[in-house]
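Following: one structure in structure tokens, then a few remarks.
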There are 2 protein chains.
Amino acid sequence: MSDNVRNDLSDDAGAQASVFAALGDETRLLLVAKLAHRSPQSITQLTTGSKLTRQAISRHLRVLEDVGVVGSARRGRESLFAYRPEPICGIAAYLDLVAKQWDQSLARLKSIVEA
Amino acid sequence: MSDNVRNDLSDDAGAQASVFAALGDETRLLLVAKLAHRSPQSITQLTTGSKLTRQAISRHLRVLEDVGVVGSARRGRESLFAYRPEPICGIAAYLDLVAKQWDQSLARLKSIVEA
DNA sequence: AATTAACGCAACAATTCTGTTGCATATTAA
DNA sequence: TTAATATGCAACAGAATTGTTGCGTTAATT
């Protein structure tokens, strides 16, 4: 039973790690925050206020898009990016599993101590 | 009000990003899962079953320790590592903020459409 | 005391990541 | 049509990451 939980955690660790890695950069995390706050926005809009080049922002957006945290579509001469909730819901659920697993570990320890 | 949320998200984005970055690696994610499942464990124990060297695992553990996801203590000739929930609770809360911000964004869009 | 086990440190190569620059293309505006 | 805007592609340098190997130190075992 507790082994099932561990297997759940081990199974797609690779896929989950990609999402964490995509969020593991301050610039990208700020981009996600911006897009969660207001979508869609163009690359130029998202570059405004940053010290980085448009190209750098563009690259970061690609990284986020590769893991599905944002989506993009071309409209006229601009690329519009929008926040996509699914992957982040996924890792939130993953973190819940870790926390739950830890709770069970504590409960097990507690029962040993009390035995 | 909604600006407060955005500021909350922007403020310590750097610190949060470090935690995400630490989890953004399959090996490290598996180590966290192992330690959440059973703590404490020595480096040698944690290396068992991995294709990597003890040194590699040791480095990964340092990365996790640097962001506080795990803690370590020397006992005799071995270093024992244990899972620490605080940072992960922190990013879980952060993700909740992002999700909430997105909900508000949707609500705002909805109210515009319905106006 | 000698051997084994667990670990830390440091150096090295290979790879990946970041950000910039220069140039080309496509769309909109005047 | 001409000019301005928004973007994409590719090459480059610098930095950071990853994993290994070799060696030294400390602690437990026999």
Side-chain angles (χ1 to χ4, degrees), chain A residues 13-35 38-83 87, chain B residues 13-35 38-83 87:
Chain A
Q16 308 282 20
S18 314
V19 182
F20 282 117
L23 299 179
D25 177 282
E26 182 169 6
T27 299
R28 289 195 290 266
L29 209 46
L30 290 177
L31 285 173
V32 171
K34 272 193 184 184
L35 287 176
R38 181 180 308 278
S39 286
Q41 283 181 263
S42 71
I43 297 179
T44 298
Q45 279 180 307
L46 291 166
T47 302
T48 301
S50 169
K51 294 171 183 172
L52 299 184
T53 309
R54 170 184 59 85
Q55 290 296 347
I57 299 295
S58 186
R59 280 178 88 78
H60 282 298
L61 286 170
R62 299 297 170 191
V63 173
L64 291 172
E65 187 174 20
D66 283 345
V67 300
V69 172
V70 306
S72 76
R74 194 89 190 233
R75 193 188 61 180
R77 65 182 163 186
E78 56 192 355
S79 266
L80 296 181
F81 285 78
Y83 171 72
Chain B
Q16 308 284 18
S18 313
V19 182
F20 282 118
L23 298 179
D25 176 283
E26 182 168 7
T27 299
R28 290 196 288 268
L29 209 45
L30 290 177
L31 285 173
V32 171
K34 272 193 183 182
L35 287 176
R38 179 180 311 276
S39 287
Q41 283 181 260
S42 70
I43 298 179
T44 298
Q45 278 180 306
L46 291 167
T47 303
T48 302
S50 169
K51 295 171 182 172
L52 299 184
T53 309
R54 169 184 60 87
Q55 291 296 345
I57 299 295
S58 185
R59 282 177 88 74
H60 282 298
L61 286 170
R62 299 296 171 192
V63 173
L64 291 172
E65 188 174 20
D66 283 344
V67 299
V69 172
V70 306
S72 76
R74 193 91 190 230
R75 193 189 62 182
R77 67 181 162 185
E78 57 191 355
S79 266
L80 295 180
F81 284 78
Y83 172 72

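Just so it is clear, the values below take in all heavy atoms, side chains as well, and ignore hydrogens, waters and symmetry mates. Residue numbers begin at 1 in each chain, while the letters A, B, ... track the order of the sequences.
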Residues 50-61 of chain B side chain polar contacts: donor-acceptor under 3.5 Å, at least two apart:
unit_1	atom_1	unit_2	atom_2	d
B:S50	OG	B:L52	N	3.0
B:H60	ND1	B:R28	NH1	3.1

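For the side chain to side chain donor-acceptor pair (under 3.5 Å) test, no residue two or more places apart in sequence or in another chain qualifies with B:Q41. Not counting sequence neighbours, the partners of A:Y83 by the ring pair (Phe, Tyr, Trp, His ring centres under 6.0 Å) test are B:W102. The salt bridge (charged side-chain N to carboxylate O under 4.0 Å, His left out) test applied to A:E78 returns A:R75, not counting sequence neighbours. Residues passing the salt bridge (charged side-chain N to carboxylate O under 4.0 Å, His left out) test with A:R62, sequence neighbours excluded: A:E65. In this structure A:F81 satisfies the ring pair (Phe, Tyr, Trp, His ring centres under 6.0 Å) test with no other residue, sequence neighbours excluded. The side chain to side chain contact (heavy atoms under 4.5 Å, CB included) test applied to B:A82 returns B:S39, B:P40, not counting sequence neighbours. In this structure B:A13 satisfies the side chain to side chain contact (heavy atoms under 4.5 Å, CB included) test together with A:E26, A:L30, B:Y94, sequence neighbours excluded.
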Point to revise | Trace of the side-chain contact (heavy atoms from CB on, under 4.5 Å) decision for A:L35 with A:L46 | key: CA-CA 9 Å; A:L35 287 176; A:L46 291 166; 3.9 Å; yes
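Here the side chains of A:P87 and A:V19 are in contact, with some heavy-atom distance below 4.5 Å.
Along DNA chain C, the stretch of nucleotides lying under 4.0 Å from any heavy atom of chain B spans, 5' to 3', C:dA5 to C:dC9.
Between the CZ atom of A:R54 and the P atom of D:dT7 there is a distance of 7 Å, given to the nearest Å. Following rounding to the nearest Å, A:L52 (CG) and D:dT7 (C1') show an atom-to-atom distance of 17 Å. In this structure, CD of A:Q45 is placed 8 Å from P of D:dT7, rounded to the nearest angstrom.
Using a 4.0 Å cutoff on non-hydrogen atoms, the parts of residues 55-67 of chain B near DNA chain D are B:Q55, B:A56, B:R59, B:H60, ordered by number. Interface residues of residues 70-83 of chain A facing DNA chain C, ordered by number: A:G76, A:R77; criterion, heavy-atom separation under 4.0 Å.
Contact annotation: B:T53 does not reach the phosphate of D:dG19 (side-chain N/O to OP1 or OP2, under 4.0 Å).
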